[in-house]
**Q** 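Have a look at the structure that comes next, please.
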Amino acid sequence: MNRTPLIATIAAGLLLAGLPPAFAAAAPSTASCTQWSFNGGTAIDGIAFVFTGPTIDHYIQASRLPGDSHATPVGILSGGISGDQLQLTYVPQGGRGLKVQGHVNPDGYAQGTDDQGGTWQMDETPLKCLTTTATASPSA
């Protein structure tokens, strides 16, 4: 006995009759990150630092990565992330400061420019999403 027509008939009947709300499929949604955060060890534009949180509210120690053309060992860092916008100021001991700005992509990696005409992108550890907002996807 071929049950395929019977199963198809039952399925069609359920679709036409509608399912109870408990069985109705929820509209697909996507989460959009509204606030990103540093996630511990981070390297941005050749500046390495350890910090957790969105805003560096006090100066923290940072250093240039080995092999960087601006290699100055130690400096201080301030700034942070507001939503998906990133702004940092790095001031090395006895050296010229560097301002970095950019944005965080949906995958948690950031990219941007600095005030010395350079561009940068994060390749290592992504940033952490602190706050998300779910948005319903349009129905097909």
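For reference, positions follow the sequence shown, starting with 1. Since we're looking at a predicted model, the values are computed, not measured.
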**Q** What pairs of residues pass the disulfide bond (SG atoms under 2.5 Å apart) test when at least one of them lies in residues 100-130, not counting sequence neighbours?
**A**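 Counting only pairs at least two positions apart or across chains, the disulfide bond (SG atoms under 2.5 Å apart) contacts touching residues 100-130 are Cys33-Cys129.
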**Q** Does any N or O in the side chain of Thr132 come within less than 3.5 Å of the main-chain N or O of Leu130, such that one atom is a donor and the other an acceptor?
**A**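 Looks like no, no N/O pair under 3.5 Å.
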**Q** Please name all residues satisfying side chain to side chain donor-acceptor pair (under 3.5 Å) with Asp115, sequence neighbours left out, ordered by chain then number.
**A**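 With sequence neighbours excluded, Asp115 shows a side chain to side chain donor-acceptor pair (under 3.5 Å) to no residue whatsoever.
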**Q** Taking only residues two or more places apart in sequence or in another chain, which ones pass side-chain contact (heavy atoms from CB on, under 4.5 Å) with Ser78?
**A** Tyr59, Thr89
**Q** In Å and rounded to the nearest 0.5 Å, what is the OG1 to CG distance from Thr34 to Asp84?
**A** 9.5 Å
**Q** Just wondering, do Met122 and Gln111 contact through their side chains at under 4.5 Å, heavy atoms?
**A**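 They are not in side-chain contact.
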**Q** More than 12 non-hydrogen atoms from neighbouring residues, nucleotides or ligands closer than 6.0 Å to CD on Gln85, yes or no?
**A** yes
**Q** May I ask you to test the Lys128-Thr52 pair for a side-chain heavy-atom distance under 4.5 Å?
**A**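 They are not in side-chain contact.
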**Q** Taking the side chain as every heavy atom from C-beta outward, state whether Gln35 and Ile81 have any atom pair closer than 4.5 Å.
**A** yes
**Q** Apply side chain to side chain donor-acceptor pair (under 3.5 Å) to Gln101 and list each qualifying residue two or more places apart in sequence or on a separate chain.
**A**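 Gln101 satisfies side chain to side chain donor-acceptor pair (under 3.5 Å) with Thr113 once adjacent residues are dropped.
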**Q** Which residues pass the ring-ring contact (aromatic ring centres under 6.0 Å, His included) test with Phe49, not counting sequence neighbours?
**A**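 With neighbours one apart ignored, the set is Phe38.
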**Q** Establish whether Val100 and Tyr109 are linked, either directly or via other cluster members, by ILVMFWY side-chain heavy-atom contacts under 4.5 Å.
**A** yes
**Q** Looking only at non-hydrogen atoms, find the nearest pair between Pro54 and Ser37 and report the distance.
**A**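 What the structure gives for the nearest pair is N-OG, 3.7 Å.
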**Q** Please give me the minimum heavy-atom distance between Trp36 and Asn105, naming the atom from each residue.
**A**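 Here Trp36 and Asn105 meet closest at CZ2-O, 3.6 Å.
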**Q** Side-chain contact, heavy-atom cut-off 4.5 Å: Ile44 with Leu88?
**A** yes
**Q** About how many Å separate CD1 of Ile47 and CH2 of Trp120, when rounded to the nearest 0.5 Å?
**A**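 So the CH2 of Trp120 and the CD1 of Ile47 are separated by 9.5 Å.
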**Q** Can you find a heavy atom in the side chain of Leu127 that is under 4.5 Å from one in the side chain of Asn39?
**A**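 The answer is no; the side chains never approach within 4.5 Å.
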**Q** Could you tell me which non-hydrogen atom of Gly97 sits nearest to which non-hydrogen atom of Pro92, and how far apart they are?
**A**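 What the structure gives for the nearest pair is CA-CD, 4.0 Å.
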**Q** Who pairs with Gln121 by side chain to side chain donor-acceptor pair (under 3.5 Å), at least two apart in sequence or on another chain?
**A** Asp123
